[in-house]
4 protein chains.
Amino acid sequence: MRKLDPIKHEGKRQEIIAAAMRCFIRDGFRGASTSDICAESRISPGNLYHYFESKEAILKTAGEVALAAAAFRFRRILEGPDVISALISEIEQAKSRIERGGRLLLLDIFAESGRNPAIAQILHEASRTIIGLIAEFVRRGQAQGKVNKDLDPDVTASVLLGIADGARLMSMREPKLDTAKSLEYLKLVVIRFLTP
Amino acid sequence: MRKLDPIKHEGKRQEIIAAAMRCFIRDGFRGASTSDICAESRISPGNLYHYFESKEAILKTAGEVALAAAAFRFRRILEGPDVISALISEIEQAKSRIERGGRLLLLDIFAESGRNPAIAQILHEASRTIIGLIAEFVRRGQAQGKVNKDLDPDVTASVLLGIADGARLMSMREPKLDTAKSLEYLKLVVIRFLTP
Amino acid sequence: MRKLDPIKHEGKRQEIIAAAMRCFIRDGFRGASTSDICAESRISPGNLYHYFESKEAILKTAGEVALAAAAFRFRRILEGPDVISALISEIEQAKSRIERGGRLLLLDIFAESGRNPAIAQILHEASRTIIGLIAEFVRRGQAQGKVNKDLDPDVTASVLLGIADGARLMSMREPKLDTAKSLEYLKLVVIRFLTP
Amino acid sequence: MRKLDPIKHEGKRQEIIAAAMRCFIRDGFRGASTSDICAESRISPGNLYHYFESKEAILKTAGEVALAAAAFRFRRILEGPDVISALISEIEQAKSRIERGGRLLLLDIFAESGRNPAIAQILHEASRTIIGLIAEFVRRGQAQGKVNKDLDPDVTASVLLGIADGARLMSMREPKLDTAKSLEYLKLVVIRFLTP
DNA sequence: CATGAATGAGCTTTCATTCAT
DNA sequence: CATGAATGAAAGCTCATTCAT
């Protein structure tokens with residue numbers, strides 16, 4: 001597993017992970033087979049193991065990438081000046097067509113983390129990062145006087161993330177849901193929760 | 001699949017489903033094998049197929065049962081006089097130790113429903129039932145003047161269910177979360193959302 | 001792995017072991033594959049695992065059977081009245097055409113036992129049995145005055161078994177060896193060792 | 001397989017063989033993989049094939065080296081003045097801790113030679129060499145009047161080598177064997193066999 | 001010479017399912 | 001109804017070997 005050209009090696013690893021994520025979205029963490037991943041990334045079964053030492057390792061890495069992507073999205077969104085509309089826009093994006101794959105992957109991560117400690121740990125770490133970002137945001141809002149100063153930033157962040165996660169599930173429960181209206185209500189929920 | 005004694009037959013079916021659910025909780029929808037289910041319900045593999053025509057059928061039935069149980073729980077909870085504290089108590093229970101299995105199963109159902117239309121349909125139907133119950137509750141609250149009359153009961157119910165689902169995920173993201181405090185905040189979220 | 005008809009089940013197990021031993025003789029313990037064994041015993045790969053829980057288990061059982069057969073042969077041979085010629089006839093048989101398979105298997109057992117503790121233990125137990133038989137024989141010879149009474153029966157038995165094992169290797173080292181003459185010499189070795 | 005610097009090339013070949021022998025002792029002829037050998041000799045898989053054209057060739061060469069080492073040991077031992085004690089000391093060494101690896105390798109060679117003609121031939125040639133050495137020794141003993149002149153030196157040598165091989169197997173059959181006593185008995189066997 | 005990437009057949013084992021009794 | 005035998009495809013993974021650089 002040493003590499004002559006580490007950059008090329010890392011590039012191929014990422015290609016494989018991208019292919020694997022497509023497979024996982026299509027068939028699930030457990031439903032996708034290593035040979036599916038090989039076919040999707042056009043490599044031989046033997047070669048896969050030059051890049052990952054087991055399917056488990058692929059799964060872990062894919063989980064990390066998916067969660068890192070989520071954190072990255074949060075970071076960008078929370079850069080905006082206005083707390084609440086930033087949060088809402090995250091929920092909004094979660095409903096977009098493109099995000100469907102990410103949502104499925106996230107669900108697999110949740111389901112897997114209930115039985116697979118390695119995945120659970122990855123989820124915990126990513127969650128702590130994201131909650132940290134949101135908490136920071138809440139603090140900023142409090143400083144600006146836009147957020148109720150009685151709220152503990154960390155717990156508030158957890159609850160807000162929970163609301164965002166729950167919103168993601170809404171469209172799985174009800175595909176015909178009136179998205180605009182439910183978004184409006186979610187906005188209301190968040191605003192009423194946070195405003196002083 | 002002919003049944004000599006329909007009652008006995010149905011009893012055995014339920015025993016098998018109960019065993020299957022234990023397996024699914026332990027190992028996941030995809031991770032549990034038919035022979036696990038056979039071992040857990042102490043029947044032979046041949047006999048399993050006298051009661052269910054495929055693993056898929058077991059999965060569907062188990063999904064239905066799990067969702068029916070959730071709906072039943074909601075029904076009981078919503079029987080109480082006070083809207084908000086009823087909802088909160090549901091969320092509270094969701095955090096209890098006993099509910100861990102149910103939560104894992106629900107996650108599997110969500111993940112599975114993204115790829116399996118049969119499971120998706122079961123989830124939709126169950127969700128509609130539950131949302132109907134909550135909507136009815138919201139309406140009652142509005143009649144009592146305890147709930148903001150501007151809120152559409154159905155959308156409100158969807159959002160409340162989303163919040164409850166999201167709350168369930170919170171403890172998977174952060175096992176060390178301060179449960180009491182986050183519950184208190186969730187109560188706040190719901191109260192501020194609903195009160196006129 | 002429970003059985004409806006334990007006798008039939010055991011019968012099939014023995015058929016499989018017989019087939020496996022043919023494979024092991026042909027290709028070695030490590031060189032024979034489970035699918036070779038399936039082909040030789042005309043069963044499907046899945047079915048093999050109704051009878052043995054792993055290839056390792058097949059290997060162990062085959063080792064036990066081969067060593068039990070050796071012990072059985074010793075027992076029969078040592079039933080004769082004359083100690084020394086009985087021992088020699090065992091060595092004689094070891095050179096026969098038929099015994100070639102058994103010798104190869106025994107070599108595999110020896111080689112395997114150097115790395116596989118389970119096989120090592122089987123070898124030790126079988127050896128203790130055989131040495132016990134030979135020791136008993138030596139004692140009888142001592143009682144008859146035909147064997148030197150100064151010899152410790154157990155150590156003597158070990159050494160005699162070693163000589164028999166070594167004789168088996170002779171024809172592997174030198175396939176063109178003058179069998180008759182070398183047997184005569186071996187007889188001489190044993191006689192001179194044992195006679196008072 | 002062209003060699004730029006034949007001396008360096010040969011040196012590397014020997015390094016690889018030494019590494020391969022460590023692997024073979026550890027895991028057996030069939031159990032050791034080419035990548036084990038690469039790891040042990042710290043070269044790349046591609047490079048391995050610059051020095052040996054196949055695993056089979058490595059196996060053959062390792063077999064030759066192991067047998068040459070055995071012959072060398074015999075040569076040194078048989079240089080001593082006294083026939084019998086020389087032979088005994090060879091058996092003695094065979095029991096020593098250090099020789100365990102060599103014994104395992106020899107067993108693998110025996111087992112392999114039953115199925116692999118190339119290895120069989122190497123074994124035959126090495127055996128002929130060793131037997132020649134011993135036969136020469138026997139002749140010397142006969143000239144000295146210390147060995148029975150009726151014995152055919154070649155057959156005697158074969159039998160003596162067989163006894164030495166058998167002695168090596170004794171400690172595999174019975175790891176708890178009283179080594180000192182069994183050695184004493186082996187000495188007795190050889191002395192009584194050879195003395196006029 | 002040397003590297004590590006790449007191959008594809010093959011390994012042991014498990015799976016959902018069907019069959020004979 | 002119930003059993004356990006039987007199936008054969010597919011799983012994850014390793015192997016000896018070859019290729020491109």
Side-chain angles (χ1 to χ4, degrees), chain A residues 1-6 8-9 12 30-38 42-58, chain B residues 1-5 8-9 12 30-38 42-59, chain C residues 1-6 8-9 12 30-38 42-58, chain D residues 1-5 8-9 12 30-38 42-59:
Chain A
M1 282 274 274
R2 258 175 286 162
K3 325 117 208 191
L4 193 56
D5 183 344
K8 248 185 166 177
H9 187 89
K12 191 96 186 184
R30 275 13 244 208
S33 70
T34 52
S35 63
D36 290 340
I37 296 171
C38 287
R42 297 169 182 285
I43 60 171
S44 62
N47 201 17
L48 182 63
Y49 289 82
H50 278 267
Y51 295 95
F52 296 93
E53 62 180 14
S54 65
K55 189 192 174 185
E56 187 72 14
I58 298 174
Chain B
M1 284 279 278
R2 212 70 64 72
K3 322 138 203 185
L4 291 193
D5 182 343
K8 249 184 159 180
H9 187 88
K12 193 94 181 181
R30 274 14 243 205
S33 70
T34 50
S35 70
D36 289 340
I37 297 170
C38 287
R42 298 169 184 285
I43 60 169
S44 62
N47 204 16
L48 182 65
Y49 284 79
H50 284 212
Y51 292 95
F52 296 94
E53 63 180 9
S54 67
K55 188 188 172 185
E56 187 71 15
I58 298 174
L59 206 138
Chain C
M1 281 277 273
R2 257 175 288 163
K3 326 118 210 192
L4 193 55
D5 183 344
K8 249 184 165 177
H9 186 88
K12 191 96 185 184
R30 279 8 248 208
S33 71
T34 52
S35 63
D36 289 340
I37 296 170
C38 288
R42 298 169 181 287
I43 59 171
S44 62
N47 201 18
L48 183 63
Y49 288 82
H50 278 267
Y51 294 95
F52 296 94
E53 63 179 13
S54 66
K55 188 191 174 185
E56 188 71 13
I58 299 175
Chain D
M1 286 277 277
R2 212 70 64 74
K3 322 138 201 184
L4 293 192
D5 181 342
K8 251 184 157 179
H9 186 88
K12 193 92 182 184
R30 277 11 245 206
S33 71
T34 51
S35 68
D36 289 340
I37 296 170
C38 287
R42 297 169 183 286
I43 60 169
S44 61
N47 204 16
L48 182 66
Y49 285 79
H50 284 210
Y51 293 95
F52 295 93
E53 62 179 9
S54 67
K55 188 189 173 185
E56 187 72 12
I58 299 174
L59 205 137

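Here the closest heavy-atom approach between residue D36(D) and residue G31(D) is recorded as OD2-O, 4.1 Å. The shortest non-hydrogen separation linking K55(A) to R30(A) is NZ-O, 3.7 Å. For the residue pair S44(A) and C38(A), the shortest heavy atom distance occurs at O-SG, 3.8 Å.
Distance check: I58(B) CD1 to I37(B) CD1 gives 4.5 Å after rounding to the nearest 0.5 Å.
Between the C1' atom of dG4(F) and the NZ atom of K12(C) lies a distance of 13 Å, rounded to the nearest Å. Going from atom CZ of F52(A) over to atom P of dC13(F) covers 13 Å, rounded to whole Å. Rounded to an integer number of Å, the gap from CD1 of I37(D) to P of dT14(F) is 17 Å.
A sub-4.0 Å separation between OP1 or OP2 of dA5(E) and a side-chain N or O of H9(A) is present. Of the side-chain N and O atoms in Y51(A), one or more sit less than 4.0 angstrom from OP1 or OP2 of dA6(E). Contact annotation: H50(D) does not reach the phosphate of dC1(E) (side-chain N/O to OP1 or OP2, under 4.0 Å). Phosphate contact (OP1/OP2 of dG4(F), side-chain N/O of K8(C), threshold under 4.0 Å): absent.
Side-chain contact check for K12(C) versus I43(C): some heavy-atom pair is nearer than 4.5 Å.
Taking a pair as Watson-Crick or G-U with both hydrogen-bonding distances under 3.5 Å, the stems of three or more pairs touching DNA chain F are E:2-21 with F:2-21.
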- How would nucleotides 9-15 of chain E be written as a contact map, 5' to 3', with B for base contact, S for sugar-phosphate-only contact and - for no contact, using protein heavy atoms under 4.0 Å? B-SBBBS

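Straight-line distance between the C1' atoms of dT21(F) and dC1(E): roughly 13 Å, to the nearest whole Å.
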